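All values reported here derive from a predicted model rather than from experimental measurement.
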Amino acid sequence: MSLPSLVLVPGAWHKPEHLALLTDELRDVDVHTVALASSGNDPAKLGDMHQDASLIRNAVAAIDGPVVVVAHSYGGIPTSQGLAGVDNVQRVVYLAAFQIEVGESLLSSAGGSPAPWWKIHHDTGIGEYVEAMNPVDVFYGDVDTDIARQAVAQLGYQSYSSKTQEQTQAAWLTIPSTYVICEADNALPPFAQEHFADRAGRVTRMATSHSPFLSQPTALARLIRDELASA
């Protein structure tokens, strides 16, 4: 039996390039990645959460057949927003992700205060945007030094609006979901992940930092393949 197609959604500041080690481990799978509008190198061109949601929905709609979506970190929010009512999504896997309720935003679900490692840039000409400070410690604590250095160089900026826009629909209310808790995460604390995981039908764990697609791509690929097989 052939496996469903896979759509990978990166988190804030991140790009499809950050997922290359993982996609290399999944060469036998029909893999698609989404480049988020809210993340990028030019602060003047950053989009918002709703644009991200449309991109994810369009990526899934372009696939003829069943799909499993893996969303990392912030990517869980536009995934939940964009895939509500989509028929061909068999499961959403929230990887150390924000699996939030309707009416919540990333910021409100995290207590309402920006993380201390966010550097918020205020530019009246282009709007507010966020830079991730100390990314090695925050995102890549267990990642090989050279791989982490390359990952930092690939990071973009993130629109501040994507952090504050409320989710108006939640795909996980009708689409089966799995939550992957990263137990050594410095970006999204494990206790917060435990809370989000209460909303998922299945819960699994990895003894990794926030970025197992860089630190343990083989193990993560194995986990994803299991999710595809059971979707």
Side-chain angles (χ1 to χ4, degrees), residues 1-36 39 56 59-60 63 65-76 79 89-99 132 135-156 176-190 192-194 196-197 200-231:
M1 185 177 68
S2 61
L3 295 175
S5 296
L6 174 66
V7 172
L8 299 175
V9 180
W13 300 286
H14 286 72
K15 304 169 184 173
E17 298 94 289
H18 288 95
L19 305 173
L21 292 179
L22 176 61
T23 57
D24 283 348
E25 295 283 344
L26 293 166
R27 290 176 180 168
D28 57 322
V29 177
D30 178 35
V31 180
H32 307 254
T33 57
V34 178
L36 298 178
S39 301
I56 296 163
V60 169
I63 298 169
V67 176
V68 169
V69 179
V70 176
H72 181 238
S73 195
Y74 157 79
T79 295
V89 177
Q90 303 295 297
R91 180 167 291 271
V92 177
V93 179
Y94 291 86
L95 175 63
F98 288 82
Q99 188 169 356
V136 172
D137 293 336
V138 173
F139 298 141
Y140 312 130
D142 61 346
V143 176
D144 173 83
T145 300
D146 289 339
I147 294 173
R149 187 181 299 116
Q150 181 180 7
V152 170
Q154 293 172 328
L155 288 171
S177 63
T178 297
Y179 199 99
V180 182
I181 296 172
C182 293
E183 296 178 321
D185 196 328
N186 292 327
L188 183 57
Q193 295 183 48
E194 298 279 1
F196 295 140
R202 290 202 296 252
V203 179
T204 188
R205 299 169 186 275
M206 298 186 73
T208 69
S209 69
H210 194 57
S211 305
F213 46 87
L214 293 173
S215 62
Q216 294 190 30
T218 302
L220 181 57
R222 188 182 309 118
L223 184 156
I224 289 172
R225 199 174 277 106
D226 288 344
E227 292 294 322
L228 290 167
S230 63

Worksheet item: Within the distance-only criterion (no hydrogens, no angle test), does the side chain of H14 pair as donor or acceptor with the backbone N or O of L36 below 3.5 angstrom?
Response: no
Worksheet item: Does one side chain, of H210 or S73, offer a donor that lies under 3.5 Å from an acceptor on the other?
Response: yes
Item to complete: State, with a plain yes or no, whether a side-chain heavy atom of V67 is found less than 4.5 Å away from one of P4.
Response: no
Worksheet item: Just how far is it from atom OH of Y140 to atom CG of N186, taken to the nearest 0.5 Å?
Response: 13.0 Å
Worksheet item: Got a second to check how far L8's CG is from I56's CD1, nearest 0.5 Å?
Response: 11.5 Å
Worksheet, complete the sentence: Residue set satisfying side chain to side chain contact (heavy atoms under 4.5 Å, CB included) with A184, at least two apart, ordered chain then number -> none
Item to complete: With sequence neighbours excluded, give me every salt bridge (charged side-chain N to carboxylate O under 4.0 Å, His left out) pair touching residues 8-24.
Response: D24-R27
Worksheet item: Can you find a heavy atom in the side chain of L95 that is under 4.5 Å from one in the side chain of L220?
Response: yes
Item to complete: Please examine the side chains of F196 and L188, heavy atoms only from C-beta on, and report whether any two atoms are closer than 4.5 Å.
Response: yes
Worksheet item: So, do H18 and P10 sit near enough that their side-chain heavy atoms are less than 4.5 Å apart?
Response: no
Discussion item. S5 and side chain to side chain contact (heavy atoms under 4.5 Å, CB included): which single residue from I63, L228, V68 fits?
Written reply: I63
Discussion item. Let's go through L22 and V70 carefully: what are the C-alpha distance in whole Å and the side-chain angles of both, what is the deciding distance for side-chain contact (heavy atoms from CB on, under 4.5 Å) to 0.1 Å, and is it a yes or a no?
Written reply: CA-CA 12 Å; L22 176 61; V70 176; over 6 Å; no
Practice prompt. Could you check if a side-chain atom of V203 sits within less than 4.5 angstrom of a side-chain atom of I181, using non-hydrogen atoms only?
Written response: yes
Worksheet item: Got a second to check how far T208's OG1 is from R205's CZ, nearest 0.5 Å?
Response: 12.0 Å
Item to complete: Supply the atom-to-atom distance L6 CG to H32 NE2, rounded to the nearest 0.5 angstrom.
Response: 8.5 Å
Item to complete: Answer yes if the side chains of E227 and T178 hold a donor-acceptor pair under 3.5 Å, and no otherwise.
Response: yes
Worksheet item: Does D142 have any side-chain hydrogen bond (donor to acceptor under 3.5 Å, both in side chains) partners at least two apart in sequence or in another chain, and if so, which?
Response: S209, S215
Discussion item. Return the SG to CD distance between C182 and Q193, rounded to the nearest 0.5 Å.
Written reply: 5.5 Å
Worksheet item: Is L21 close to I147 at the side-chain level, that is, under 4.5 Å between some pair of heavy atoms?
Response: yes
Discussion item. Measuring from atom CZ of F139 to atom CG of L214, what distance do you get when rounded to the nearest 0.5 angstrom?
Written reply: 11.5 Å
Response to the item:
Of R202, R225, R91, the one forming a side-chain hydrogen bond (donor to acceptor under 3.5 Å, both in side chains) with S230 is R202
Item to complete: Measure up the F213 and H72 rings against each other and bin them: parallel (under 30°), tilted (30 to 60°), perpendicular (over 60°).
Response: perpendicular
